[in-house]
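Since the structure comes first, as structure tokens, the remarks are kept for the end.
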Amino acid sequence: MPSSAAAALSGRVLRDTEAYGKHLFHRYPAGRTLHVHLGLYGRFTDGTGEPPPPLGEVRLRMTTRKHWLDLRGPAACEVLDPAQVDALVARLGPDPLRDDADPDRAYARIRRSNKPLAALLLDQSVVAGPGVIYVTEVLFRAGLPPTTPGRSLDPEAWQDIWTDLVELMREGVERGRIDTVHSRHTPEAMGRPPRVDRHGGEVYVYRRAGQSCLVCGGAVRTGILAGRNSYWCTTCQPD
DNA sequence: GATCTATGTAGAT
DNA sequence: TCTACCTAGATCG
């Protein structure tokens, strides 16, 4: 954070916090808002007692009498005024984790696009929040390949995907990890050992290229879509 | 110890 | 479509 931004917040008391998609907002007095986006590498660490000496580049440190919180590697850590916050939120699609989300707004974008569904769902101006794990897994659960053109998605299929995103992401917040493996499709039920992603969650196809599908046993396929790794099962997600 | 990779996105080409 | 950004854990040799 530039020193001017640090000066704007240093010593101030945090009033409120809010998340919109992958963006975190901390509200401070006088309309000042700290905006944090973790990007690919950003990470918070926290603890109790005296904060440790800063290790590496600490972009933000928050403290109370009992707790401390450090932020390293974020894509964004900046102070915005209300107009800048409004502009940022205005370019985001509906967030499945928010009560004010309007899934019809996302579907209007999807149904008039020929782009692959995976690319559309990763586009934060279409849907705000889901990353490549949720998008990969929700498409598996829907039985649709990531290459499905947005235009071909019917309203019922979109409703199912949206509902699934809401449920999976709420569960992710509660558990602090991404689990997408449905009870009736558990690896245990399929007679195979559970596969825990290195991020700590159980998933069907994400980063499982070449391994066997947990549901049908076929090989999980991988490819690059919209610049991101994509994974799917050609049997469970037929064209 | 060096190199690779990645829950992402903005900006250049 | 490509590249840079930036950090840390995984993987390689």
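Below, chains carry the letters A, B, ... as their sequence lines are ordered, and counting in each starts from 1. Only this structure's heavy atoms are used, side chains among them; waters, hydrogens and symmetry mates stay out.
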Which residue lies more 5' along DNA chain C, comparing A:G56 with A:A226 via nearest heavy atoms: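 Looking at DNA chain C, the more 5' nearest nucleotide goes with A:A226.
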Under the rule for ring-ring contact (aromatic ring centres under 6.0 Å, His included), what residues qualify as partners of A:Y20, not counting sequence neighbours?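 Expected list: none.
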ring-ring contact (aromatic ring centres under 6.0 Å, His included) partners for A:Y134, two or more places apart: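 Partners of A:Y134 under the ring-ring contact (aromatic ring centres under 6.0 Å, His included) test: none.
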Do any side-chain nitrogens or oxygens of [X] fall under 4.0 Å of OP1 or OP2 in [N]?
{"X": "A:R91", "N": "B:dA10", "result": "yes"}
{"X": "A:R207", "N": "B:dT5", "result": "no"}
{"X": "A:R43", "N": "C:dA8", "result": "no"}

Sequence neighbours left out, what passes side chain to side chain donor-acceptor pair (under 3.5 Å) with A:R109? Give chain and number order.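 Here the qualifying residues are A:S125.
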Can you give the donor-acceptor pairs under 3.5 Å from side chains of residues 143-151 of chain A to other protein atoms, not counting sequence neighbours?
| residue | atom | partner | partner atom | Å |
| --- | --- | --- | --- | --- |
| A:T148 | OG1 | A:P145 | O | 2.6 |
| A:R151 | NE | A:N114 | OD1 | 3.1 |

Once you round it to whole Å, what is the distance between [atom2] of [N] and [atom1] of [X]?
{"X": "A:L60", "N": "C:dT7", "atom1": "CG", "atom2": "P", "result": "14 Å"}
{"X": "A:L88", "N": "B:dT9", "atom1": "CG", "atom2": "P", "result": "11 Å"}
{"X": "A:L38", "N": "C:dT7", "atom1": "CG", "atom2": "P", "result": "13 Å"}
{"X": "A:D123", "N": "B:dA10", "atom1": "CG", "atom2": "P", "result": "10 Å"}
{"X": "A:L40", "N": "C:dT3", "atom1": "CG", "atom2": "P", "result": "17 Å"}
{"X": "A:Q124", "N": "B:dA10", "atom1": "CD", "atom2": "C1'", "result": "13 Å"}
{"X": "A:L55", "N": "C:dT7", "atom1": "CG", "atom2": "P", "result": "11 Å"}
{"X": "A:H37", "N": "C:dC5", "atom1": "NE2", "atom2": "P", "result": "18 Å"}

C1' atoms of B:dA10 and C:dA8, separation to the nearest Å: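 Each nucleotide's C1' atom is 23 Å from the other's.
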What distance, rounded to whole Å, do you find between the two P atoms, one in B:dT13 and one in C:dC5?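 These two P atoms come out 13 Å apart once rounded.
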Dot-bracket notation for DNA chain B, counting Watson-Crick and G-U pairs under 3.5 Å, with | for partners on another strand: ||||||.|||||.
All salt bridge (Lys or Arg N to Asp or Glu O under 4.0 Å) counterparts of A:R27, not counting sequence neighbours: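 Result, salt bridge (Lys or Arg N to Asp or Glu O under 4.0 Å) vs A:R27: A:E18.
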In a check of side-chain contact (heavy atoms from CB on, under 4.5 Å) between A:L122 and each of A:T136, A:L225, A:V135, which one passes?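 One option only clears the test, and that one is A:V135.
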Establish, from distance only, whether the side-chain atoms of A:T163 and A:E167 form a donor-acceptor pair under 3.5 Å.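 Note: A:T163 and A:E167 side chains miss the donor-acceptor criterion.
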